[in-house]
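Report on the following structure.
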Protein chains: 2
Amino acid sequence: MNQKDTIPASFRAVEDKINLVCRRIPENSVQNVVLIHLVKHLQAALHSRMSDVLREHELNPVSFTALMMLFSKPNEALNPSELAEASGESRANVTRICDELVAKGLLERAPNPDDRRRVDLRLAAAGDDEVMKLLPVLRQRVHNVFNVLEQDEKDQLERLLKRVLTESAN
Amino acid sequence: MNQKDTIPASFRAVEDKINLVCRRIPENSVQNVVLIHLVKHLQAALHSRMSDVLREHELNPVSFTALMMLFSKPNEALNPSELAEASGESRANVTRICDELVAKGLLERAPNPDDRRRVDLRLAAAGDDEVMKLLPVLRQRVHNVFNVLEQDEKDQLERLLKRVLTESAN
DNA sequence: ACAAAATAGTACATAAATTAACTATTAATT
DNA sequence: AATTAATAGTTAATTTATGTACTATTTTGT
């Protein structure tokens, strides 16, 4: 059976048009363009699922990721530059997100004792609770979509994505 | 050799923290969370690369995608709902993007003769030219990042992404 | 034939993110 | 020691996107 049949109907419209575009300009690789759009659509679907869960808690995927990254090291601070790198956001965006999370009582900022350029960020107890509460729901409603794949397929997907990311991130 | 070594340094920070999070809540699958973040980071890297090319032409990835989808069928109109589906954007966003593209002279709107709810969208000649000009540059600077993979690896990546997208898009 | 449901597209208030510039501070260079 | 370069974080203007509600129109159901 052609595995390519198992795609959402909405992506078929995307793929059909990419096929036609690449007929008009044959030097393009249909497959490369399809892959780009697959990544975009999958990211949007994952983002949407996360948003649906987090909206009720007045959070969004970016602010939740920030909390989760701080949750990883409850006894250490991160600074905004580290958080920017860990969450894939710009430093300006991290400032904005931290403003919101501090206002919600989920995160605490403090001056760094050793370097006055730096700010120490720590999860507040309420933030820790929020992550504890939300991660199981996210596992059910978002993370588990990957369980449609077998273990060896997940391993392969991870390797392939990492190689493309390495190539594209410089 | 461990293929997982070939990741950008910036993603190592992500993966390290995900590992620590999943030590605190062991029911989570490190790999599923890693996969979600891989997709997010890859999408951001691809988006950034596209933006770098398109910015000089006062376009962005979403407006270019709209042009490209119309470019696929130069002799037929699309309506905003079809374009929304083809580009993975909301109908409200498509209205906004079309406003911009009409203002730039790259796209034309007309009433649909058969159905007064509908609008016909067509590429203007200038839009056609823009796509012709930009696709080769995008191929060089964006699409070709996937050429780090062998053909069978691209096939596998496509299949796996489609299966996860099918699972997550409903 | 008429009413109800659904679709199409837009408007607008609000949310989210980017970009460039800035000040303060530390690190590196001379 | 002094100067230059780099880093850290923020600000604010601008860009991009969402969510909800709306009107107009067509389709569906009775």
Side-chain angles (χ1 to χ4, degrees), chain A residues 10 40-41 43-45 47-52 54-66 77-104 107-122, chain B residues 10 40-41 43-66 77-104 107-122:
Chain A
S10 63
K40 177 187 148 64
H41 282 248
Q43 158 54 27
H47 188 279
S48 177
R49 277 178 172 253
M50 288 188 72
S51 294
D52 288 342
L54 297 168
R55 188 175 294 120
E56 299 163 22
H57 296 258
E58 293 178 5
L59 293 171
N60 63 34
V62 173
S63 54
F64 180 80
T65 296
L78 287 179
N79 62 41
S81 295
E82 289 167 331
L83 187 53
E85 185 172 65
S87 58
E89 301 299 323
S90 67
R91 287 177 297 142
N93 207 28
V94 165
T95 297
R96 183 180 62 82
I97 294 296
C98 287
D99 286 348
E100 290 177 5
L101 293 172
V102 166
K104 289 181 162 77
L107 176 152
E108 288 157 3
R109 270 187 177 115
N112 182 285
D114 298 322
D115 185 333
R116 290 196 294 193
R117 294 174 295 177
R118 294 187 171 211
V119 164
D120 284 348
L121 302 172
R122 289 185 175 85
Chain B
S10 63
K40 175 186 149 65
H41 283 247
Q43 158 56 27
L46 295 170
H47 187 279
S48 177
R49 278 178 171 252
M50 287 188 72
S51 294
D52 288 343
V53 171
L54 298 168
R55 188 174 296 120
E56 298 162 23
H57 297 258
E58 292 180 6
L59 292 171
N60 62 36
V62 173
S63 56
F64 179 79
T65 297
L78 287 180
N79 61 40
S81 296
E82 289 168 331
L83 186 54
E85 185 172 64
S87 60
E89 300 300 323
S90 67
R91 287 178 298 141
N93 206 29
V94 165
T95 297
R96 185 178 62 81
I97 294 295
C98 287
D99 286 347
E100 289 176 8
L101 293 172
V102 166
K104 289 181 164 77
L107 177 152
E108 287 158 2
R109 269 187 180 115
N112 182 285
D114 297 323
D115 185 335
R116 290 199 292 197
R117 295 173 296 176
R118 293 182 173 215
V119 165
D120 284 348
L121 303 171
R122 288 185 176 82

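Of the candidates D/dT27, C/dT18, C/dG9, the closest approach to any side-chain atom of B/R91 belongs to C/dG9. Across C/dA8, C/dA17, C/dT25, the shortest atom-to-atom separation from the side chain of A/D115 is found for C/dT25.
The side chain of B/R118 contributes an N or O atom lying less than 4.0 Å from OP1 or OP2 of C/dA8. Taking only side-chain nitrogens and oxygens, A/R96 comes nearer than 4.0 Å to OP1 or OP2 of C/dA17. Between B/R109 and the phosphate of C/dT10, there is a side-chain N or O to OP1/OP2 separation shorter than 4.0 Å. A close approach under 4.0 Å does occur between a side-chain nitrogen or oxygen of A/N60 and OP1 or OP2 of C/dA16. Taking 4.0 angstrom as the limit, B/N79 places a side-chain polar atom (N or O) nearer than this to OP1 or OP2 of C/dG9. A sub-4.0 Å separation between OP1 or OP2 of C/dT19 and a side-chain N or O of B/R55 is present. Dashed line: the shortest gap from a side-chain N or O of B/S90 to OP1 or OP2 of D/dG19 is not under 4.0 Å.
Between B/L59 and B/D114, the residue anchored closer to the 5' end of DNA chain D is B/L59, taking for each the nucleotide with the nearest heavy atom. In this structure, A/D99 and B/N93 both approach DNA chain D, and ranking their closest nucleotides by distance from the 5' end singles out A/D99.
Between B/R109 and B/L101, every side-chain heavy-atom pair lies at or beyond the 4.5 Å cut-off.
Here D/dA8 presents its P atom at 10 Å from CD of A/E85, a figure rounded to the nearest Å. The CG-P distance, from A/L78 to D/dA8, rounds to 13 Å in whole Å. Atom-to-atom, CD of A/E58 to P of C/dA16 comes out at 10 Å; the value is rounded to the nearest Å. Rounded to a whole Å, the CD atom of B/Q43 is 11 Å from the P atom of D/dA17. In this structure, the NE2 atom of A/H47 is 11 Å from the C1' atom of D/dT18, given to the nearest Å. Here the C1' atom of nucleotide C/dA28 and the CZ atom of A/R117 are 12 Å apart, to the nearest Å. Look at CG on B/N112: it is 10 Å from P on D/dT26, rounded to the nearest Å. Counting to the nearest Å, the P atom of D/dT11 and the CD1 atom of A/I97 are 15 Å from each other.
When heavy atoms are screened at a 4.0 angstrom cut-off, B/V94 is found touching no nucleic acid atom at all. The residue A/S81 sits close only to the backbone: its heavy atoms come under 4.0 Å of sugar-phosphate atoms, none of a base.
The two residues A/D120 and A/R122 come nearest to each other via the heavy atoms CB-NH1, 3.9 Å. Contact record, A/V94 with A/A84: CG2-CA, 3.5 Å, taken as the closest heavy-atom pair.
Taking CG from A/L121 and OG from A/S81, the interatomic distance works out to 9.5 Å, rounded to the nearest 0.5 Å.
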request  = Determine, stepwise, if the pair B/L83 / B/C98 fulfils side chain to side chain contact (heavy atoms under 4.5 Å, CB included).
outcome  = CA-CA 10 Å; B/L83 186 54; B/C98 287; 4.1 Å; yes

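The side-chain contact (heavy atoms from CB on, under 4.5 Å) with B/V62 is formed by just one residue from the set B/L59, B/T65, B/N60; it is B/N60.
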